[in-house]
Each structure stands twice: as structure tokens, then as C-alpha cells.
**Student:** 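Structure below; questions to follow.
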Amino acid sequence: MKRSIQHPASSIQVNLGDRSYGIIFGDSHRTIKPHLYRDACIITDKNVAKYHLRPWEELFPLAQTMILPAGEKTKSMKTMSLVYDFLAQIGFGRDHLIIALGGGVVGDIAGFAAATYMRGVEYIQIPTTLLAMVDASIGGKTGVDLTLGKNLVGAFHQPKAVLVDFNYLKTLPRREWNNGLGEIYKYALLTGEIELSQIPLQFDYRQRAFSKNYSKIVRFCAQYKAGLVSQDERDVGGIRMVLNLGHTFGHAFEAGAGFKALKHGEAVVLGLMGAVFISYKRNLLNKKTFDKIIDELSKFNIPKITRVFQFMELLTYILRDKKTASHNFRMVLLKDIGKPIVVHDIIVREFRKACGFISNTFGIETKD
Ligand code: GLY
């Protein structure tokens with residue numbers, strides 16, 4: 001049976017032929033029609049389950065739920081093995097649905113399980129964090145980290161729908177807001193939307209009640225990403241690649257900090273600084289624009305990192321990063337705000353200087 005999740009015209013469409021789907025805004029519980037599926041497996045984490053699991057268990061009364069520990073450390077092959085065993089134990093079949101209820105980690109694990117269990121089953125993404133709403137839940141990238149690097153094992157597998165429900169943000173802790181704001185600032189640099197660049201700077205956790213403004217921002221970022229994914233689903237045409245602005249250094253610092261001390265969006269802030277630094281040093285960005293971006297990035301709330309990084313270790317992560325490794329020293333830079341470019345000739349000296357600049361700005365100790 002070909003199942004399709006109906007969605008209103010106001011939703012955003014990811015156009016991928018027979019793999020097309022909607023990013024649907026609104027009350028997520030009303031969007032999905034449980035009768036389309038014989039049964040479901042809900043994959044979530046401990047923090048999300050506490051607040052948001054029950055309505056989904058009521059909607060799918062026969063669903064089995066797997067609750068994972070929260071945090072990037074969970075995104076491992078070890079967890080995948082437990083998820084596969086769980087699916088097999090509950091008799092999960094091809095006419096069942098995986099529901100990924102959570103942030104980027106849950107989405108990546110549940111999506112990878114959907115991509116690989118029984119050679120592929122259907123799943124939906126219900127992002128509960130700001131970061132997952134603007135980025136991770138869209139575009140079908142799924143997978144896990146290895147100790148040697150982030151997202152090194154994975155698959156492209158598009159969800160049947162992404163349900164964006166702003167109510168989930170009401171329980172989002174402060175640090176998770178910062179995590180999402182880092183990615184939102186990346187979108188500001190990519191698109192040149194000045195208003196967007198001010199959001200992270202003006203954010204006040206005490207007044208975080210979700211306003212129309214935020215819904216506009218999430219829609220804008222989702223629309224932008226949906227457009228890139230629709231043109232370059234498998235990230236091979238250099239179009240989707242721009243979304244990795246800030247991720248070369250970001251992934252290296254995130255992995256170097258053991259996937260614990262830095263959250264992904266925080267690491268992206270460090271990474272954006274590195275990309276902007278190299279862009280300036282290559283005379284792509286003028287001094288005024290460089291100063292403005294660095295000033296804004298310095299205002300992000302980045303936790304104190306006590307670990308001393310070795311440059312060679314960071315370089316190893318950078319070179320192992322699939323975005324770099326497959327295309328020798330490839331990286332996304334900026335020609336101007338709103339004008340990303342992909343370059344293929346970064347040299348180690350530039351990585352080294354940029355790591356030094358990032359470390360000095362954020363008080364991180366990096367040794368040669
Ligand atoms: N987060 C980058 C991408 O989905 O391509």
C-alpha cells in the first residue's frame with residue numbers, strides 16, 4: 001500500500017519525486033492518521049519522554065516505545081545494535097512506522113534504523129528541539145558517530161513527513177536554545193537575512209515564550225533547507241554542501257571534546273568562526289564584514305572547555321570528516337554575507353591558523 005501523509009498547502013514541500021514529503025507545521029498529534037499503519041515504534045529519549053511521550057502512546061496504543069539516554073554519546077553503533085534487537089523483539093514489520101520523537105540525536109538514530117532495518121522502513125520526524133526543527137530533521141541524513149569522527153556511518157533515507165510543533169519548545173532547556181541558535185546564525189550567514197542574524201543576539205531565555213517571530217524563523221530556515229535538499233538530495237552537486245558552513249571545524253571540536261563538552265550548535269559557532277577567519281585571510285570577506293561577524297559570534301554563550309586540544313588531533317578529525325576527505329581539503333567559505341562558496345584547496349597552514357584564532361577567541365587551549 002502506498003501511504004501518504006496529507007498536509008495543508010501552508011506546509012513546506014521537499015520535492016524529491018516519489019520520496020517527496022511535507023514539513024508540516026501545527027499540532028503534530030492531529031496531523032498523523034494512525035490507521036495508515038498497522039503499528040508503530042516510538043523512539044525517543046529520556047528528557048523528551050518525560051514531557052511529550054504520552055499523547056503519542058495514546059494515539060498509537062499498540063506502539064512499543066524505546067527510550068534512549070539523551071545526548072550525542074548515544075549516537076553510536078552500540079545504540080544501533082540495541083535498537084535493531086528491540087525492533088526484532090517487538091516483531092516490527094515493513095507495514096509499521098518508526099516515529100522519531102526528539103532532537104537531532106533521536107532523529108539520526110531512528111532514521112538510520114528506518115533506513116537499514118529490513119532494508120528500509122518508513123519513519124516520520126517529530127523534532128522537539130530548535131536545532132532539529134531548523135536543520136537535523138529535514139533532508140534524510142541519518143547515522144551515527146564513531147569515536148574517530150562525527151556522522152561517519154549513515155544513510156540517506158527520507159522521512160514520510162516532518163511534523164514541526166512549536167509546543168515542544170516550551171520545555172526546551174536553555175542550553176538547547178543556544179544549540180539551535182548557533183544553526184540559525186549559520187542560516188543568517190548563508191542567506192544574508194539580517195533579521196535572522198539578530199535573533200541569537202537578542203534571545204532572552206526568560207522571555208522565550210514562542211512568538212510568531214520564531215515560527216517565521218523556523219519556517220524560513222526549513223524552506224531554505226528544503227530548497228537545497230530538493231536540488232541536491234545526496235549532497236553531491238555542491239548545492240546542499242553550503243549547509244556545512246562551520247561544520248568542518250565544528251565537527252572537529254565537537255569530536256575532540258568527546259561529544260560531551262560541546263553541543264553541536266555550539267561547536268558550529270566555533271566552526272563558523274574558523275570559516276569566516278579563512279574567508280577573511282583569503283580576501284574573500286572585507287575587514288568590516290569580518291569584524292561584524294566575529295563580534296556577533298563572540299557573543300554566543302559557549303561553555304568553558306577545560307580540555308587541552310592538540311592541533312594534530314583536530315586536524316585528524318578535519319581530514320577524516322567526510323566533507324573534507326572525499327574532496328581533499330574542501331570547505332565552505334563566505335564571499336560575503338549571503339554568498340557562500342565551496343573551495344577545494346584549503347591547506348594545513350590555514351586550518352592551523354584558524355584553529356588558533358578560534359581557540360584564542362573562546363579561551364580554548366590548543367597545542368601544536
Ligand atoms: N546538516 C547538513 C545537511 O543536512 O546537509
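Start at 1 and go down the list; that is how both ligands and their atoms are numbered.
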**Student:** Would you say that Phe311 contacts Lys367 through its side chain, given a criterion of any heavy-atom pair below 4.5 Å between the two side chains?
**Tutor:**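 Sidechains of Lys367 and Phe311: no contact.
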**Student:** When the ring planes of Phe290 and Phe357 are compared, do they come out parallel, tilted or perpendicular, using 30° and 60° as the limits?
**Tutor:**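 Ring orientation of Phe290 relative to Phe357: tilted.
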**Student:** Determine the sole option in Leu228, Leu245, Ile337 for which the side chain to side chain contact (heavy atoms under 4.5 Å, CB included) test with Leu190 is passed.
**Tutor:**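 Checked Leu228, Leu245, Ile337 against Leu190; only one passes side chain to side chain contact (heavy atoms under 4.5 Å, CB included): Leu245.
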**Student:** Near ligand 1, which residues have a heavy atom under 4.0 Å away from one of its atoms?
**Tutor:**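 Only Asp135, Lys141, Lys225, Arg240, Leu243, Asn244 have heavy atoms that fall under 4.0 Å of ligand 1, ordered by chain and number.
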**Student:** Are Ser298 and Asp295 linked by a side-chain donor-acceptor pair shorter than 3.5 Å?
**Tutor:**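 The answer is no; no qualifying pair exists.
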**Student:** Under 30°, 30 to 60°, or over 60°: which ring-plane class applies to Phe60 and Trp56, parallel, tilted or perpendicular?
**Tutor:**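 Geometry flag for Trp56 against Phe60: parallel rings.
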**Student:** Angle class for the Tyr224/Tyr187 ring planes (parallel below 30°, perpendicular above 60°, tilted otherwise)?
**Tutor:**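 It falls in the perpendicular class, over 60°.
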